Trainee: 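Let me give you the structure first, and then I'll get to my questions.
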Amino acid sequence: MMNVDLPSPRLRFAPSPTGVLHIGGARTALYNWLLARGSGGTFVLRIEDTDRERSTPENVEQILDALRWLELDWDEGPYSQWERRDRHGEVVERLVDGGHAYEDEGAVRLRVPDAGETVIHDAIRGDIAFPHSAIKDFVIRRSDGSPLYNLAVAVDDLDMGITHVVRGDDHISNTPRQVMILRALSEEPPAYAHLPLLHGPDGKKLSKRHGAASVQDLREAGYLPEAVRNYIALLGWGYDESTTFFTTEELIERFDLSRVSKNPAVFDEQKLRWMNGRYLRELDPDDLRRRLEELTGREVPPEAVAITQEKMQTLTDFWPLAGFLVQRGPFDDRAWARVMRDSGPERLRAARDALEHAGEPFDVERVEAALRGVVERLGVKPKDVFQPVRVAITGTTVSPGIFESVAALGREETLARIDEALRRASGTGH
RNA sequence: GGCCCCGUGGUGUAGUGGCUAGCACGCGAGACUUUCACUCUCGUAGCGCGAGUUCGAUUCUCGUCGGGGCUACCA
């Protein structure tokens with residue numbers, strides 16, 4: 001039931017464009033987005049670009065790109081904090097005029113009382129008290145006139161009507177400063193929630209140093225956005241004791257700050273891989289094919305998707321498995337040596353003949369019947385026949401199912417490749 | 001150093017003043033099987049430590065240790 005008396009929540013994601021969006025930032029964006037979508041609220045995007053050195057258009061575009069790929073759409077923005085610098089300057093003036101701030105060597109500092117404390121109410125951690133004795137008068141405007149982070153954030157959150165600030169743990173110490181600025185302006189601070197940081201495998205705050213941790217890296221590594229969303233939602237949050245898979249609708253409905261954990265999480269790509277594989281197998285084949293083409297920029301035969309979908313963990317697993325369908329590769333030496341020794345070539349020859357005389361259509365059923373017939377006639381194990389065929393047509397011992405592979409390749413090309421292998425066997429063999 | 005946050009298997013989490021501490025990934029073994037993968041079964045491993053409160057603490061309190069964050073005229 002809606003409470004029409006309460007203003008609808010306004011949340012924001014406010015990254016600084018210092019490079020790529022890593023999964024920690026992506027998770028913060030996701031949580032804000034889920035909260036907004038689950039409450040009929042508004043999701044605001046604001047770029048904290050007051051550091052002109054790092055805030056390049058390319059960096060900003062990277063962030064927007066990553067958010068679009070994750071399908072986290074924003075209702076307002078992106079606002080540029082830099083473009084609001086005149087407004088920030090006005091507020092500084094007001095604080096100085098009101099006696100809350102003063103000039104010091106060209107810069108402006110906020111006056112922090114010597115005694116007392118500022119308490120912030122955190123939705124995840126409860127009340128946190130900061131003794132003023134530990135906070136010195138801090139700079140809110142540089143001597144060149146530009147505003148500093150804490151000032152800009154406080155003013156922007158205020159002006160943009162932000163009701164809930166959900167951000168990383170590393171901002172806890174900044175919060176009392178922002179609250180003090182707001183109070184000096186006679187304004188009430190928004191509600192705060194500080195998420196535990198994501199750590200790298202070394203236990204440190206996640207950064208660019210930690211390998212494939214950016215959203216664009218994950219995209220290039222062949223992960224699906226829905227899998228990434230599901231996975232990162234679970235980094236720091238759990239719904240119950242056993243649910244692992246959530247549709248986006250379920251996440252929107254069930255996500256709740258009160259169930260966000262307090263301790264930092266470590267990104268585990270193994271689990272993402274597993275989860276991505278599960279999502280991949282659920283995909284409609286046409287959809288999967290479209291995504292493969294989009295990522296790899298190569299045309300993908302539908303039958304290649306059909307025979308590899310069960311075996312992929314990420315989209316980048318595709319070509320190594322299915323490449324043989326569009327291109328003859330070299331024979332892997334170890335694979336060749338393993339299957340072509342002894343009577344390998346003989347069995348391959350038998351398989352060749354059986355395939356040549358299998359009827360029409362040359363489909364999975366006929367291929368299987370033909371090859372199993374050879375196994376039976378020769379009185380050998382299935383793999384004694386299948387593996388040589390596999391190596392002959394794919395070059396390696398690892399491939400999709402052999403019947404499917406042969407049928408997808410087609411009779412003509414299959415026979416041609418087997419012939420080539422047989423020639424090679426007789427040329428280099430005994 | 002000061003201030004602040006956090007501490008359940010290797011990883012992500014669930015959970016309770018009394019349970020065989022649950023689930024998932026990973027790892028190991030087995031089943032299936034034409035390779036790989038999938039799937040299934042079984043197994044592996046955890047409440048940082050020390051006091052206190054209590055009939056009883058993983059759970060509550062204090063301390064301690066450990067990890068992390070902030071402490072910029074960075075964001």
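Sequence lines set the chain letters: A, B, ... in the order given, protein chains first and strands last, and positions in each chain run from 1. Predicted model only: the values in this text are computed from it and were never measured. Because only heavy atoms are used, hydrogens play no part in the values below, and waters and symmetry mates are left out as well, while side chains stay in.
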Trainee: May I ask you to verify whether the side chain of A:N174 and the base of B:A75 hold a donor-acceptor pair under 3.5 Å?
Mentor: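 Flag set: donor-acceptor pair detected.
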
Trainee: Should A:E420 and A:R328 count as an ion pair when the cut-off is N to O under 4.0 Å?
Mentor: yes

Trainee: Does any nucleotide pair with B:C60 by Watson-Crick or G-U wobble geometry, both distances under 3.5 Å, and what is it?
Mentor: B:G52

Trainee: With a 4.0 Å cut-off, would you call A:E269 and A:R273 a salt bridge?
Mentor: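 Salt bridge absent between A:E269 and A:R273.
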
Trainee: Decide yes or no, distance alone: a donor-acceptor N/O pair under 3.5 angstrom between the base of B:C73 and the side-chain of A:S143.
Mentor: yes

Trainee: Are A:S399 and B:U35 close enough that a side-chain N or O sits under 4.0 Å from OP1 or OP2?
Mentor: no

Trainee: I'd like to check A:R111 versus A:M180 (side-chain heavy atoms, cut-off strictly below 4.5 Å). Are they in contact?
Mentor: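 Contact flag for A:R111/A:M180 side chains = no.
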
Trainee: Could you tell me which nucleotide pairs with B:C73 by Watson-Crick or G-U wobble geometry, both distances under 3.5 Å, or answer none if nothing does?
Mentor: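 Answer to the pairing question: none, since B:C73 forms no Watson-Crick or G-U pair.
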
Trainee: Check the angle between the aromatic planes of A:Y31 and A:F255 and answer parallel, tilted or perpendicular using the 30° and 60° thresholds.
Mentor: tilted

Trainee: Is there a donor on the side chain of A:S242 or the base of B:G22 sitting less than 3.5 Å from an acceptor on the other?
Mentor: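 It does not, because no donor-acceptor pair links the side chain of A:S242 to the base of B:G22 below 3.5 Å.
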
Trainee: Expressed as a whole number of angstroms, how long is the span from A:N59:CG to B:A75:P?
Mentor: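 Spelled out: CG on A:N59 to P on B:A75 is 15 Å.
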
Trainee: Considering only the P atoms, how many Å lie between B:G7 and B:U59, rounded to the nearest integer?
Mentor: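 The answer is 12 Å between these two P atoms.
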
Trainee: With rounding to whole Å, what would you report as the distance between B:G48 and B:G67 at their C1' atoms?
Mentor: 11 Å

Trainee: On the side chain of A:K311, is there an atom forming a donor-acceptor pair with the base of B:C38 - under 3.5 Å, no angle test?
Mentor: no

